[in-house]
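Here the structure is a predicted model, which is why all the values come from computation and not from measurement.
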Amino acid sequence: MASTRMQIFGFVLALLGIMGATVATLLPNWKVSADVGPNIITAISQMQGLWMDCTWYSTGMFSCTLKYSVLSLPAYLQTARTTMVLCCVLAAMGLCLASLGLKCTRWGGGRRSKRHAAIASGGCFVTAGFLCLVPASWFTKEVITNFLDSSVPESNKFEPGGAVYVAFVSAGFLFVGGSVFCMSCSGKRHGPQDLVLLPPPDKLLLQQQQQQLLQQELQHQYCSLSPLDNKTGYSLQDYV
């Protein structure tokens, strides 16, 4: 019962991690313009994401431009795109495997199959969390390095945006959810539940042995009672 609750808890955490990673991948505020120097009184706020750059004006207007050219992007941005997409795909695969490995569900086969599915889903979640953590860390490192560079004008300095923090939190959810799934099934191979369950051939052999013993007992009882019945029975010779 406790392992089932742990699996449900890990499933919820992994689901939150998948949702957060998807939202972080699509958000345009991976880095935002820093409010330093003359930018404090500016009427324009700039945001840059993995797929588009957006500009927010004080008048309420909002405009975005898609990044069509992939080769013109820096290496850390190309890596962030690739790893975040892989993170979402791998986490979705882990979610499908986790639905099969949950002990509270009826689909997914027997306990051995559910155990394997749960461990595989945990591995997918942990790997997806690592793929989400790498671009967030690299992106943050590049933004901070650019911000501390004195040769960069203050108007071109940025700071990490909300999408980076969402990616960090999502990576943590995926790590914890995957670890919970792996731990919930790691120590069950020598448990009492697995000793009680027998493979189908052993069950069939046990049933056959029980049937043979029952038949032998019935034959023994019949043989022991048949002579007594012959002695106590009536015969026509007694009356002739």
Side-chain angles (χ1 to χ4, degrees), residues 1-30 49-51 79-140 160-203 206:
M1 188 66 181
S3 60
T4 303
R5 293 179 179 177
M6 287 180 61
Q7 281 190 340
I8 295 175
F9 176 69
F11 186 83
V12 172
L13 289 179
L15 184 60
L16 292 176
I18 295 171
M19 295 173 60
T22 305
V23 171
T25 304
L26 300 176
L27 282 177
N29 58 340
W30 277 70
L50 302 180
W51 312 97
T79 305
R81 278 186 173 187
T82 305
T83 51
M84 289 303 294
V85 172
L86 290 177
C87 169
C88 295
V89 173
L90 194 60
M93 292 176 58
L95 191 65
C96 296
L97 291 174
S99 62
L100 297 176
L102 286 174
K103 297 180 180 179
C104 59
T105 58
R106 295 183 179 272
W107 58 80
R111 295 188 179 182
R112 187 182 300 273
S113 300
K114 283 183 173 292
R115 183 188 300 117
H116 292 167
I119 294 176
S121 65
C124 290
F125 290 145
V126 172
T127 307
F130 177 75
L131 292 175
C132 185
L133 183 64
V134 168
S137 302
W138 194 359
F139 204 97
T140 304
V164 176
Y165 302 110
V166 174
F168 277 118
V169 175
S170 302
F173 283 155
L174 290 172
F175 272 125
V176 176
S179 301
V180 168
F181 260 93
C182 293
M183 292 174 58
S184 64
C185 299
S186 59
K188 298 293 183 179
R189 293 185 177 180
H190 304 284
Q193 294 181 354
D194 289 345
L195 293 177
V196 175
L197 295 177
L198 295 176
D202 295 342
K203 287 185 178 180
L206 182 61

Show me the side-chain donor-acceptor pairs of residues 121-138 shorter than 3.5 Å, one per line, residues at least two apart or across chains.
residue	atom	partner	partner atom	Å
Ser121	OG	Ala117	O	3.3
Ser121	OG	Ala118	O	2.7
Thr127	OG1	Gly123	O	2.8
Ser137	OG	Leu133	O	2.9
Trp138	NE1	Glu142	OE2	3.2

Over all atoms of both residues, closest heavy-atom pair of Ser99 and Cys96: OG-O, 2.5 Å

Pair listing, side chain to side chain donor-acceptor pair (under 3.5 Å) test, anchored in residues 18-30, at least two apart: none

For Ala80 against Leu50, the heavy-atom pair lying closest together: CB-CD2, 3.7 Å

Any Val176 side-chain heavy atom under 4.5 Å of Phe181 side chain: no

Reported CD-to-NZ distance for the pair Gln7 and Lys114, which is rounded to 0.5 angstrom: 8.5 Å

Check: Ile18 and Leu174 side chains under 4.5 Å, non-hydrogen atoms: yes

Spacing of Leu95 atom CG and Met19 atom CE [to the nearest 0.5 Å]: 11.0 Å

Any residue meeting ring-ring contact (aromatic ring centres under 6.0 Å, His included) with Phe11, in chain and number order, not counting sequence neighbours: none

In residues 160-171, what donor-acceptor pairs under 3.5 Å come from side-chain atoms, sequence neighbours left out?
residue	atom	partner	partner atom	Å
Ser170	OG	Ala21	N	3.2
Ser170	OG	Val166	O	2.7

Atom pair CE/CG of Met84 and Leu26 - distance to nearest 0.5 Å: 9.0 Å

